[in-house]
Peer 1: 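Take a look at this one; I'll ask things after.
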Amino acid sequence: MNIVHESFPVGPLQCNCTVIGDSVSGRGYVFDPGGNPERIMAAATRMGLHIEALIHTHAHLDHILAAGEISKQTGAKVCLHRDDLFLWNALEQQCALFGVPYTPVPAPNHWLEHNEELDLLHGCHGCCIHTPGHTPGSMSFHFAAAGLLIAGDTLFLGSVGRTDLPGGNTQQLVHSIQKRLYTLDEGTVVITGHGANTTLGHEMRNNAYVNIRS
Ligand SMILES: [Zn+2]
Ligand SMILES: [Zn+2]
C-alpha cells in the first residue's frame, strides 16, 4: 500500500477537495467534489488513480456540486451519510439561497456508516467517523497510516463549523469533536473544509470554540 493524496480548493465557496488513493493499485477516492470537475479529474489522472468513490463529508452545496459530472465520467459510487439526505435533496434551494448556479447531482448509492472501513485502505480501522453537529450527517475520515483526517466543516484551524443552518447543533458539534476527533493521535494532520490545514494537537490546545464548552 502506498497512499498518495492531494488537496486543493474547488467550487464557488472554495471547499477543500481531496484526491487520495493507492498508487500501487491505482484505486482512488475523491472527498468533497465541490466544483471544478475538470481540475479534480486532472489531479486523479496525474496521480495515476481511477476514482472509485465520491465521498462527501456532508451535503452542503459547496461540497457536492461536481458529483454529477465526475460520477458520469468515472462510474464512481456516490457516498453520503443518510442523515444528510434532506440537504442533498434540497440542493436546488441551497443554490438559490447562496446565489450559486444549480447543477443536478445523482442520488447517493452508498450510505456511509460510523466506523465503516474504506476498503481501499486495508488495515485502516474505523476510517469513517460520524461527527454530527455542523449537519446531522457530517462525517470525518481518518487515514491512520497516512496520519490524516478529512474533517469537512466540523473542525477548522482555530474554529469550528457554523451550526445556524438547518440541522445544525452546537452541543452535538462540540461533543463530536471531543469524543470522536480529539481521541485520535494528536499529530494527525487535519484537512479542513475550507482554508488552512491544522493538527489535532494544535486544536486541542488552542481551539477556544471547543475548550470553553468543555
Ligand atoms: Zn458545510
Ligand atoms: Zn463548506
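Whatever order the structure lists them in is the order used to number ligands and atoms, beginning at 1.
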Peer 1: Is the ring centre of Phe143 less than 6.0 Å from the ring centre of Tyr29?
Peer 2: no
Peer 1: Scan residues 83-94 for pairs that pass side-chain hydrogen bond (donor to acceptor under 3.5 Å, both in side chains), counting only residues two or more places apart or in two chains.
Peer 2: Asp84-Thr135
Peer 1: Looking at His194, I'd like to know if its NE2 atom is crowded, meaning that more than 12 non-hydrogen atoms belonging to other residues, nucleotides or ligands lie closer than 6.0 Å.
Peer 2: yes
Peer 1: Which ILVMFWY residues are connected to Phe86, directly or by a chain of links, through side-chain heavy atoms under 4.5 Å apart?
Peer 2: Leu87
Peer 1: Tell me the side-chain hydrogen bond (donor to acceptor under 3.5 Å, both in side chains) pairs involving residues 100-113, sequence neighbours left out?
Peer 2: His110-Glu116
Peer 1: Among protein atoms, how many N/O/S atoms lie less than 2.8 Å from the Zn ion (ligand 2)?
Peer 2: 4
Peer 1: Please state whether the rings of His58 and His134 are parallel, tilted or perpendicular, taking 30° and 60° as the class boundaries.
Peer 2: perpendicular
